[in-house]
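These numbers come from a predicted model, not from an experiment. Whatever order the structure lists them in is the order used to number ligands and atoms, beginning at 1.
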Amino acid sequence: MKEQYDVVIIGGGPGGYAAALYCVRAGLDTLVLEKLSAGGQMATTTQVDNYPGFDEGIDGFELAEKMQRGAERFGAVTEYAEVTALDLNASPKRITTSAGTVLAKAVILATGASPRLLGVPNEEAMRGHGVSYCATCDGMFFRNKTVVVAGGGNSAAEDALALSKICKKVYLVHRRDTLRATQSYLAPLQKASNLEFVWNKQIDRLLVDNQQLTGIGMTDRVTGETSELSCDGLFVAVGRVPDTALVKEQVALDEQGYIIADETTRTSVPGVFVVGDARTKPMRQIITAAADGATASKFVEEYLQSLE
Ligand code: NAP
């Protein structure tokens with residue numbers, strides 16, 4: 001990692017690496033800071049079928065590697081480091097990381113989002129002891145076991161379907177009486193003989209024995225009745241929250257914590273741009289994150305020209 005770059009991109013998901021590809025091809029000295037490995041949330045999906053160009057779909061981790069290599073082929077640099085502080089109003093902008101401090105004329109925020117917690121007591125402590133936020137990553141630990149999937153959106157539907165192929169029994173517990181997930185999930189969910197819907201139940205307790213999850217406690221949202229359900233695993237799929245804590249004092253966020261940006265990807269701070277799931281936008285998908293990355297490069301270039 002050098003001392004200074006034209007543009008530093010924080011986050012190596014599809015938005016980050018698409019931005020890197022376009023910036024580096026525009027002749028900008030480009031650094032991607034990634035804390036773990038390329039891909040972000042995409043890397044935890046085994047089968048991506050809605051990113052064009054892959055007629056048989058592609059593994060999310062593999063797609064992430066391809067995106068990274070595609071940007072690095074033209075000279076983008078990746079540094080595996082965690083960003084711990086940012087001064088976005090300084091000129092140049094100052095980024096403090098676990099690998100040292102780096103300066104940038106422009107910054108693209110591509111920090112994405114993380115799973116939302118269910119909000120029950122002990123939840124954090126039970127993570128890895130029966131509670132998981134990633135069916136793709138952890139499903140195999142529950143082969144031939146009984147699991148609960150919490151949620152009613154596309155993620156919950158996708159997780160329940162995937163788990164029904166591995167587990168003995170899957171309960172899809174939703175707090176309402178219909179799914180929010182797109183129609184296309186419904187028929188395959190209904191066809192899975194080991195999958196059972198549990199409607200109108202709010203999970204409010206984790207049942208634990210010897211530091212291991214043994215079940216969940218629920219309250220019926222219509223009758224108020226409480227009940228328990230034994231299970232080996234709980235997969236929480238109740239949405240996501242943007243990873244914007246680092247910048248919350250410096251750029252304008254909406255009430256849910258997403259960084260406010262229009263189609264130009266500009267934030268409230270000159271020279272700071274945002275792409276992908278961390279920003280305000282109507283649809284959070286790999287393809288829309290990648291599109292943001294391309295768009296950002298155009299406005300980064302325009303900003304850098306204005307500095308000359
Ligand atoms: P989501 O669409 O926001 O759905 C979250 C679900 O969790 C909702 O049904 C919500 O219930 C429920 N929920 C939220 N907080 C809860 C709590 N504390 N306790 C119990 N239930 C709670 O989230 P998502 O499914 O993660 O999807 C996020 C985005 O990614 C969406 O835009 C989705 O379309 C996209 N996605 C796309 C694909 C795909 O295209 N293949 C796959 C996965 C995700 P209510 O309905 O009552 O609010």
Linked, directly or transitively: Leu117 and Val238 (ILVMFWY side chains, under 4.5 Å):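 Hydrophobic grouping puts Leu117 with Val238.
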Disulfide bond (SG atoms under 2.5 Å apart): pairs with one or both residues in residues 166-203, sequence neighbours excluded: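 Non-adjacent pairs meeting disulfide bond (SG atoms under 2.5 Å apart): zero.
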Check this for me, if you would: do Asp87 and Lys93 make a salt bridge, where the nitrogen-to-carboxylate-oxygen distance has to be below 4.0 angstrom?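 A salt bridge is absent here (no side-chain N lies under 4.0 Å from a carboxylate O).
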So does Lys201 pair up with Glu225, basic N to acidic O under 4.0 Å?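 No, no charged N to carboxylate O under 4.0 Å.
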Below 3.5 Å only, please: the N or O atoms of ligand 1 paired with protein N or O atoms, distance on each line.
unit_1	atom_1	unit_2	atom_2	d
ligand 1	9 (O)	Gly152	N	3.2
ligand 1	11 (O)	Arg175	NE	3.2
ligand 1	11 (O)	Arg175	NH2	3.4
ligand 1	18 (N)	Leu118	O	3.2
ligand 1	19 (N)	Gln202	NE2	3.0
ligand 1	25 (O)	Asn154	N	3.2
ligand 1	25 (O)	Ser155	N	2.9
ligand 1	25 (O)	Ser155	OG	3.1
ligand 1	26 (O)	Ser155	OG	2.7
ligand 1	30 (O)	Arg240	NH1	3.4
ligand 1	34 (O)	Asn154	ND2	2.9
ligand 1	40 (O)	Asn50	ND2	3.3
ligand 1	40 (O)	Gln285	OE1	3.4
ligand 1	41 (N)	Glu158	OE2	3.0
ligand 1	41 (N)	Tyr185	OH	3.1
ligand 1	46 (O)	Arg176	NE	3.1
ligand 1	46 (O)	Arg176	NH2	2.8
ligand 1	46 (O)	Arg180	NE	3.2
ligand 1	46 (O)	Arg180	NH2	3.3
ligand 1	47 (O)	Arg175	NE	2.9
ligand 1	47 (O)	Arg176	NE	2.9
ligand 1	48 (O)	Arg175	NH2	3.1
ligand 1	48 (O)	Arg180	NH2	2.6

Got a sec, which residues hit salt bridge (charged side-chain N to carboxylate O under 4.0 Å, His left out) with Asp29, two or more places apart in sequence or on another chain?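 Only Lys2 meet the salt bridge (charged side-chain N to carboxylate O under 4.0 Å, His left out) criterion with Asp29.
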By the ring pair (Phe, Tyr, Trp, His ring centres under 6.0 Å) test, which pairs, at least two apart or in different chains, include something from residues 178-213?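 Output for this query lists Phe197-Trp199.
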